[in-house]
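Report on the structure given below.
What you see is a predicted model; the values in this text were computed from it and never measured. Residue numbers start from 1 in every chain, and the chains themselves are labelled A, B, ... in the order their sequence lines are given, proteins ahead of strands.
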Amino acid sequence: MKKIYSEKEIREIARSLIGKTFGELNDFEISDDDYGKGSFGYILEEDVYQYGANSKSEPDFEEAGIELKVTPYKRNNNGTLSAKERLVLNIINYMNEYKNTFYTSDFWNKNKRLQIVWYLYEPDKLRSNFKVTHELLFEFPEKDLRIIKNDWQIIIDKIKAGKAHEISEADTMYLGACTKGASSKSVRKQPFSDIMAKQRAFSLKTTYMTQLVRKYIANEDFEELDYSFDTEFSFENDIKQRLRKYKGLSVNELSKLFGIVNEPKHLLDIIISRLFGIKGKVSNTNEFSKANIITKTIRINKNNRMIESMSFPAFKFTEIVNHEWEESDLYTYFSTTKFMFAVFKQKDDDEYYFEKVVFWNMPLSILDTELRGVWKKTVDIIKSGNIVKEIKNGIVYNNFPKLSDNHYCHVRPHGRNKDDVYPLPVPDKLTGVVEFTKQCFWLKNKYIQDIINSED
DNA sequence: GCATGATCATGC
DNA sequence: GCATGATCATGC
């Protein structure tokens with residue numbers, strides 16, 4: 001028989017879990033090998049709360065209107081805490097969800113109140129020894145809810161446009177649509193296109209969950225952006241609006257305006273921070289962190305050209321060869337990261353002037369084709385050990401995909417200097433070296449330029 | 001002016 | 001000391 005809990009009872013039980021391991025909470029003797037992905041949730045459902053199965057679109061505790069979630073966090077090498085995963089919520093029913101408004105949606109019905117149970121993930125421990133450490137009855141703060149409503153609408157608009165198969169987690173800020181299913185072949189029908197779309201679930205992004213962990217577990221504070229709540233509110237438009245008044249001001253004028261002395265290399269970055277009226281980096285603010293928005297400054301020279309391609313974190317040769325595409329760092333990075341490009345344009349006086357900001361994320365259609373190809377080629381080269389092409393005048397030429405090979409993406413060095421290396425899984429055939437200058441994937445300047453030109 | 005390798009500068 | 005965003009240097 002189904003048990004009915006009041007909110008108070010739910011909370012009391014959640015509190016009673018703190019300090020216990022999953023091994024202690026589990027009635028049956030599950031061997032450690034049998035702890036699967038969902039087993040901690042299962043233990044709470046079956047052994048702790050014993051509420052049994054319920055109808056899918058209702059929250060776990062229907063009468064109290066509370067959904068139960070168990071989720072891991074981890075301690076990083078530098079001592080900070082992070083969420084280990086996104087928080088996966090209900091599967092998106094493409095055929096129905098679009099008929100709803102936000103407040104009648106399956107998402108809202110099921111997830112408006114979340115009883116979160118946190119456990120500490122420790123890589124060296126058996127899973128049965130993972131311990132529950134914190135709990136929280138979570139409701140979305142009003143400021144977040146405005147953004148989440150907007151996120152929900154972005155996902156719905158893609159379904160309505162017959163583009164459910166093009167939905168990317170990076171389309172939205174806090175509420176993502178992550179893939180869910182046994183494999184990438186888990187697909188389902190969508191209402192306005194014959195193309196089968198990957199099965200996806202609403203989820204709170206890993207970065208959003210990390211902020212919750214840092215706020216509620218580590219008790220940290222973050223600088224918050226001050227943005228307006230217009231009726232037509234969207235975060236991106238609000239940011240663009242407030243930056244518009246600085247358009248046409250030179251770097252020099254902006255430096256004076258914000259009292260920046262000298263001309264450090266990251267001057268543009270500082271200016272952007274000051275444009276937002278914050279002390280630290282824009283990307284460290286509450287909003288940008290939660291939404292996983294990375295800022296990049298772009299300079300367009302007076303001949304209307306973006307000189308430099310765009311670099312990203314270096315990859316490890318030994319790790320990149322061990323991943324399938326969909327679990328690779330490159331795929332993860334571009335399928336979950338949104339960018340804010342701050343564009344500065346050079347005029348005839350050689351000075352750079354603030355132009356605009358452009359929000360962008362990599363379309364899946366390019367990520368899954370072009371970037372995948374470049375990534376695959378790179379992996380194959382590393383695996384074969386066929387890395388160095390020739391050494392001429394002390395310059396080491398390699399076989400990695402070149403700028404001229406692909407309109408979107410290529411590979412180039414990225415370290416302090418060429419002696420800044422990572423180990424190779426296979427020694428280089430030509431030279432026999434067992435480590436090589438750090439490399440990263442770059443996005444081609446012309447591709448980025450097309451993106452920023454297509455706006456405004 | 002472009003392609004590609006190499007390196008700088010800052011923050012943590 | 002290292003990771004990362006950003007930019008430089010050289011040869012064609």
Describe the nucleic acid contact of [X] in one word from base, sugar-phosphate, nothing, applying a heavy-atom distance below 4.0 Å.
{"X": "A/Asn303", "answer": "sugar-phosphate"}
{"X": "A/Asn445", "answer": "nothing"}
{"X": "A/Asn393", "answer": "nothing"}
{"X": "A/Thr437", "answer": "nothing"}
{"X": "A/Tyr422", "answer": "sugar-phosphate"}
{"X": "A/Ser404", "answer": "sugar-phosphate"}
{"X": "A/Thr80", "answer": "nothing"}
{"X": "A/His410", "answer": "nothing"}

Whole-Å gap separating [atom2] ([N]) and [atom1] ([X]):
{"X": "A/His414", "N": "C/dC8", "atom1": "NE2", "atom2": "P", "result": "15 Å"}
{"X": "A/Leu403", "N": "B/dG5", "atom1": "CG", "atom2": "C1'", "result": "12 Å"}
{"X": "A/Gln439", "N": "B/dT7", "atom1": "CD", "atom2": "P", "result": "13 Å"}
{"X": "A/Lys281", "N": "C/dA3", "atom1": "NZ", "atom2": "C1'", "result": "10 Å"}
{"X": "A/Phe315", "N": "C/dT4", "atom1": "CZ", "atom2": "P", "result": "13 Å"}
{"X": "A/Lys296", "N": "C/dT7", "atom1": "NZ", "atom2": "P", "result": "11 Å"}
{"X": "A/Met306", "N": "B/dA3", "atom1": "CE", "atom2": "C1'", "result": "15 Å"}
{"X": "A/Arg299", "N": "C/dA6", "atom1": "CZ", "atom2": "P", "result": "11 Å"}

Original post:
Between A/Arg416 and A/Lys446, which is nearer to the 5' end of DNA chain B once each is assigned its nearest nucleotide?
Top reply: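 The residue closer to the strand's 5' end, by nearest nucleotide, is A/Lys446.
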Original post:
Which residue, A/Asn417 or A/Arg305, contacts DNA chain B at a nucleotide closer to its 5' end, judged by nearest heavy atom?
Top reply: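 Its nucleotide being nearer the 5' end, the pick is A/Arg305.
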Original post:
To the side chain of A/Ser311, which of B/dG5, C/dA6, B/dT7 is closest?
Top reply: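 Nearest nucleotide to the side chain: C/dA6.
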Subject >> Of the listed nucleotides C/dA6, B/dG5, C/dG5, the one nearest the side chain of A/Lys402 >> reply: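 Given the options C/dA6, B/dG5, C/dG5, the side chain of A/Lys402 is closest to B/dG5.
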Original post:
Without hydrogens or angle criteria, can the side chains of A/Asn284 and A/Glu223 be said to hold a donor-acceptor pair below 3.5 Å?
Top reply: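 Their side chains do not contain a donor-acceptor pair, so the 3.5 Å distance test is not met.
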Original post:
Side-chain donor-acceptor pair under 3.5 Å between A/His414 and A/Arg412, yes or no?
Top reply: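 No.
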**OP:** Please find out if less than 6.0 Å separates the ring center of A/Phe22 from that of A/Phe40.
**Re:**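 Yes; A/Phe40 has its ring centre under 6.0 Å from that of A/Phe22.
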Original post:
Is the centre of the A/Tyr121 ring less than 6.0 Å from the centre of the A/Tyr119 ring?
Top reply: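 Judged by ring-centre distance (under 6.0 Å), A/Tyr121 and A/Tyr119 do not meet the cut-off.
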**OP:** May I ask you to establish whether A/Lys444 and A/Tyr408 are in a cation-pi arrangement, using a distance under 6.0 Å from NZ or CZ to the six-membered ring centre and at most 45° from the ring axis?
**Re:**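 The answer is no, since A/Lys444 fails at least one limit relative to A/Tyr408.
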Original post:
For C/dA3, does either OP1 or OP2 sit under 4.0 Å from a side-chain N or O belonging to A/Lys438?
Top reply: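 Yes, within the criterion.
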Original post:
DNA chain C: A/Lys392 or A/Thr297, which has the more 5' nearest nucleotide?
Top reply: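 On the 5' side of the pair lies A/Thr297.
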**OP:** Give me the one residue out of A/Tyr208, A/Phe202, A/Phe140 that meets ring-ring contact (aromatic ring centres under 6.0 Å, His included) with A/Tyr174.
**Re:**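 Checked A/Tyr208, A/Phe202, A/Phe140 against A/Tyr174; only one passes ring-ring contact (aromatic ring centres under 6.0 Å, His included): A/Tyr208.
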